[in-house]
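Down below is the structure, laid out as structure tokens.
In this text the structure is predicted, and so the values were computed from the model without any measurement. So you know, we letter chains A, B, ... as the sequences are listed, proteins then strands, and number each from 1.
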Amino acid sequence: MDYSFDMDLELCPVCGDTVSGYHYGLLTCESCKGFFKRTVQNNKKYICAENQDCQIDKMQRKRCPFCRFQKCLHVGMRLEAVRADRMRGGRNKFGPMYKRDRALKQQKRALIQSRGLRMQTTSMVLSSNPMECTFSGGQVQSGLSEGEDVTATPHYVHARRASTLAASFSGLAIKWEQRELYAGTSQASFAENCTFSAKPSSPYASLLVPDVSGVPQLILELLRCDLDDLQVRGKINGHLQRLRDGWGSQEKPSTFGLTCLMIDQTLFYVVEWARGCIFFKELKVSDQMKLLHNCWCELLALDFIYRQVQHGKEGSMLLVTGQEVELPAIMADAEPVLNSLVQKGQALVGVFQSLQIDRKEIACFKFLILFNPDVNLLENKSYVENIKERVHGALLEYTLHASPQRVDKFSQLLLCLSDLRAASSLAEDYLCSKHICGEMPCNNLLIEMLYAKHNCL
DNA sequence: GTAGCCTTGAGG
DNA sequence: CCTCAAGGCTAC
């Protein structure tokens, strides 16, 4: 086989061995390809002799097939790509995605070379996964081969664990449903029936046309959904002040605890924003929740990074509350993980600044993050896909119009999104670990969101 | 059971 | 025709 296009640079996201091509949804090595095929075809059931968290690398991949298969699923290998009929040859439905992924990697490589940066190939699962699946905290892929005994697969066992967890955190769902009821909005059927491209008469059809300023109408609509920054700041400060007023001298939380409360409040407004968004409010509540559970941390990260871009001071961070915090003070006694997170954040701020990303592009980013059709078990996946494609289109059109001198801006923006996702995943893992250590304040939205996505808790 | 190599065949 | 991601074969 010809392993061209810098295959030698790519490492298998499962074991770190050299990649031999796209297999079952993403670039993997030959052995993990074979392992995944054998497991799915023969409906293998493995048991882990340890704690289901075995290290999988090239040397140890044979030791624990259970954890190896879990990792295969975790990084996004697709069960449905293993053919139930065992037919050889031909192409599967992922062909176009492989093609897109190749093009994206090519662009990314060019960008990285031009910036003189080193490419991360091992730990960044996202970069290896053309399906852009969620990859943090053990979310599982749906989709089984036809005729497969669903309940007998390790995948099913894993999925059941996840759903049990989800069931135990239905509090948010209930609150959500109640808010829906109080708000008096209907469970819109619009999203279920609407296909924009096929229905030019839809109320949103005109959004495809750019206005006189050259900004696509669609982007103007997205901008209209934005909450007022100052109002949000005021509300968050008010809420935090009320909390402070209620604290006795002993129960005052740590700096980390305070930060969590602030993040929690910001998260509340992220949810508030999403629920008021064009297109999003047309979705069923169940799909809304799935989308938000998937991307809340990315949205928070984007909010934070764009605030720093606007803040524009290198040595300090601007919090959502309007407070300015000196970076050296944070870095001085932060754990290594937090330090690395701050550095990644700063790097992204730098990239955003160098690309001169504006508010319209950020508005598109938020929708591209929110409308992720690869989220598991979406009832209206095609609608989500449609919106994502439309926002993609609008963003491309806008960047070409607004930055004609930078023809690659669009692809660079997409790379930013991918980097943002990787950083957000690290942040989630960090928050998970802090929660496990008991350092996070309880009973808040932040923890519910963590629970909804991670089974590590 | 693993993993390297081989064969197949739809789609470009 | 060529490509390349499927499944198959087989030495280990």
Side-chain angles (χ1 to χ4, degrees), chain A residues 1-50 52-109 121-122 125-133 135 141-150 152-158 374 385 389:
Chain A
M1 190 182 278
D2 174 21
Y3 297 160
S4 57
F5 85 92
D6 290 348
M7 287 285 197
D8 53 323
L9 286 176
E10 293 280 346
L11 299 179
C12 173
V14 181
C15 70
D17 200 353
T18 311
V19 149
S20 70
Y22 285 92
H23 306 297
Y24 309 110
L26 67 159
L27 287 169
T28 73
C29 69
E30 195 64 21
S31 69
C32 288
K33 164 200 155 188
F35 169 77
F36 189 77
K37 179 184 70 176
R38 287 193 301 277
T39 303
V40 179
Q41 278 183 342
N42 304 324
N43 198 11
K44 299 269 187 206
K45 278 163 271 180
Y46 307 116
I47 294 169
C48 176
E50 302 288 327
Q52 305 191 351
D53 60 354
C54 304
Q55 168 85 17
I56 304 297
D57 56 33
K58 192 179 172 184
M59 299 306 290
Q60 304 182 75
R61 65 191 175 199
K62 282 198 258 188
R63 270 195 206 164
C64 181
F66 178 90
C67 291
R68 190 180 187 184
F69 189 60
Q70 290 307 307
K71 194 163 178 194
C72 287
L73 293 170
H74 185 89
V75 301
M77 290 182 82
R78 296 298 188 103
L79 292 160
E80 66 268 35
V82 179
R83 296 172 184 167
D85 58 7
R86 298 203 163 194
M87 197 195 74
R88 301 169 79 180
R91 287 275 189 276
N92 67 16
K93 62 177 177 178
F94 299 134
M97 282 190 270
Y98 294 149
K99 200 174 165 184
R100 230 168 34 217
D101 188 55
R102 268 203 187 86
L104 209 63
K105 278 182 195 302
Q106 201 81 42
Q107 287 175 343
K108 185 164 187 169
R109 219 163 271 138
T121 46
T122 42
V125 174
L126 176 78
S127 68
S128 311
N129 187 348
M131 259 65 91
E132 291 183 282
C133 71
F135 56 93
Q141 297 295 326
S142 62
L144 294 156
S145 307
E146 224 172 291
E148 190 175 354
D149 176 6
V150 179
T153 59
H155 162 258
Y156 174 78
V157 175
H158 194 78
D374 299 313
E385 193 137 36
E389 288 308 317

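B:dC5 atom C1' lies 12 Å from atom NE2 of A:His23, rounded to whole Å. As a whole-Å value, the separation of A:Asp57 CG from B:dT2 P is 15 Å. For the pair A:Arg83 CZ and B:dT8 P, the interatomic distance rounds to 14 Å; values are reported in whole Å. For A:Lys93 and C:dA6, the NZ to C1' distance is 14 Å, given to the nearest whole Å. The CD atom of A:Gln60 sits 15 Å away from the P atom of B:dT2 (whole-angstrom rounding). Per the geometry, CZ belonging to A:Arg88 stands 4 Å off C1' belonging to B:dT7, to the nearest Å. In this structure, A:Phe36 places its CZ atom 14 Å from P of B:dT2, rounding to the nearest Å. One atom, CG of A:Leu26, and another, C1' of C:dC4, lie 16 Å apart when rounded to the nearest Å.
Contact check for A:Tyr24 versus A:Lys37: side-chain heavy atoms found under the 4.5 Å cut-off. Between A:Phe36 and A:Leu73, the closest side-chain pair of non-hydrogen atoms falls below 4.5 Å.
Of the possible donor and acceptor atoms, none in the side chain of A:Lys58 sits under 3.5 Å from a partner among the backbone N and O of A:Asp17. At distances below 3.5 Å, at least one donor-acceptor pair connects side-chain atoms of A:Asp57 with backbone N or O atoms of A:Met59.
Scanning atom types as modelled, one donor and one acceptor separated by under 3.5 angstrom connect the side chain of A:Lys37 and the base of C:dG8. The base of C:dG7 sits with one of its N or O atoms less than 3.5 Å from a complementary donor or acceptor on the side chain of A:Lys33.
If you check every strand for non-hydrogen atoms under 4.0 Å, A:Arg63 touches nothing. Looking at heavy-atom distances under 4.0 Å, A:Arg61 makes contact with sugar-phosphate atoms alone, never a base.
Nearest heavy atom pair, residue A:Cys32 against residue A:Met77, reads O-CE, 3.9 Å.
Contact annotation: A:Arg78 side-chain N/O to C:dA5 OP1/OP2 distance is not under 4.0 Å. Residue A:Gln41 places at least one side-chain N or O closer than 4.0 Å to OP1 or OP2 of C:dG8. Put simply, A:Tyr98 has no side-chain N or O that comes within less than 4.0 Å of OP1 or OP2 on B:dG12. OP1 or OP2 of C:dA6 has not a single side-chain nitrogen or oxygen of A:Tyr22 nearer than 4.0 Å. The phosphate of B:dG11 has neither OP1 nor OP2 within less than 4.0 Å of any side-chain N or O from A:Lys99.
Comparing A:Asp17 and A:Arg91 by the nucleotide of DNA chain B that holds the closest heavy atom to each, the one mapping nearer the 5' end is A:Asp17.
When distances are taken from the side chain of A:Arg86 to each of C:dC4, C:dA6, C:dG8, the shortest belongs to C:dG8. Of the candidates B:dA3, C:dA6, C:dG7, C:dA6 carries the atom nearest the A:Asn92 side chain, counting heavy atoms from C-beta on.
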